[in-house]
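Please read the structure below before turning to the comments.
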Amino acid sequence: MSVLSLRPLVPDAATFQVLRGKSMAEGFSMLRRLQDHWRDGSNTFAKPGEALFGVFEGTSLVGMGGLNVDPYFAGGGSGRVRHVYVDPEFRRHGVGRLLIEAIACHARARFALLNLRAPDAAHAFYEALGFEPVKGEQFATHRRLLTMPNEGS
């Protein structure tokens, strides 16, 4: 595997279409939804604190994930990890970890915590990255408290 780079992502590029196709072949629709919401303007990751990242190997998009203001928690102090997907050929090579840590690092400037809703198969992955299971909440399976800049140092 060559060097991986993390860059902002626009979900209309040809390289996104390739990754979207792989996700659809696995039965995941989140990248289709992301593209639909991007195109209709309902979620362009443009609110303060939001971001959409791609992990590239050369010019190939091999993983992606985003950060939104969490719409399910009032007050705006919570971020929501969204649309994380890694090409099956690149899983267990640090791509997912790179994405989540970049999202958490970006989020610290604006949010006190991150929420996400993950399928059962991804629970161990998120828990290994410091997310705690959440019980009894409809819109979150996991939560990670963030250390704000200059705290804990």
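For this chain, numbers begin at 1 and follow the sequence in order.
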With ring pair (Phe, Tyr, Trp, His ring centres under 6.0 Å) as the test, would you mind laying out the steps for F53 and H106 before giving the verdict?
CA-CA 10 Å; F53 296 108; H106 183 85; 5.8 Å; yes
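- Remark: side-chain polar atoms of R97 are not paired, donor with acceptor, to backbone N or O of F125 under 3.5 angstrom.
- Side chains of R80 and N68: no donor on one and acceptor on the other come within 3.5 Å.
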Salt bridge (charged side-chain N to carboxylate O under 4.0 Å, His left out) between E26 and R20: does it pass, once the steps are laid out?
CA-CA 10 Å; E26 283 193 273; R20 179 181 175 266; over 6 Å; no
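- Surrounding CZ of R7 are more than 12 heavy atoms belonging to other residues, nucleotides or ligands, all under 6.0 Å away.
- The salt bridge (Lys or Arg N to Asp or Glu O under 4.0 Å) test applied to R32 returns D36, not counting sequence neighbours.
- Counting only heavy atoms from C-beta outward, the side chains of V81 and R117 never approach each other to under 4.5 Å.
- Remark: the R143 side chain and the N115 side chain contain an N/O donor-acceptor pair separated by less than 3.5 Å.
- A 4.5 Å side-chain heavy-atom check between V95 and V55 finds at least one atom pair inside the cut-off.
- With sequence neighbours excluded, no residue forms a salt bridge (Lys or Arg N to Asp or Glu O under 4.0 Å) with E127.
- Between the side chain of N43 and the backbone N or O of F45, at least one donor-acceptor pair lies under 3.5 Å.
- For S78 against F73, the heavy-atom pair with the smallest separation is OG-CB, 4.0 Å.
- Using a 4.5 Å cut-off on side-chain heavy atoms (C-beta onward), H142 and L114 make no contact.
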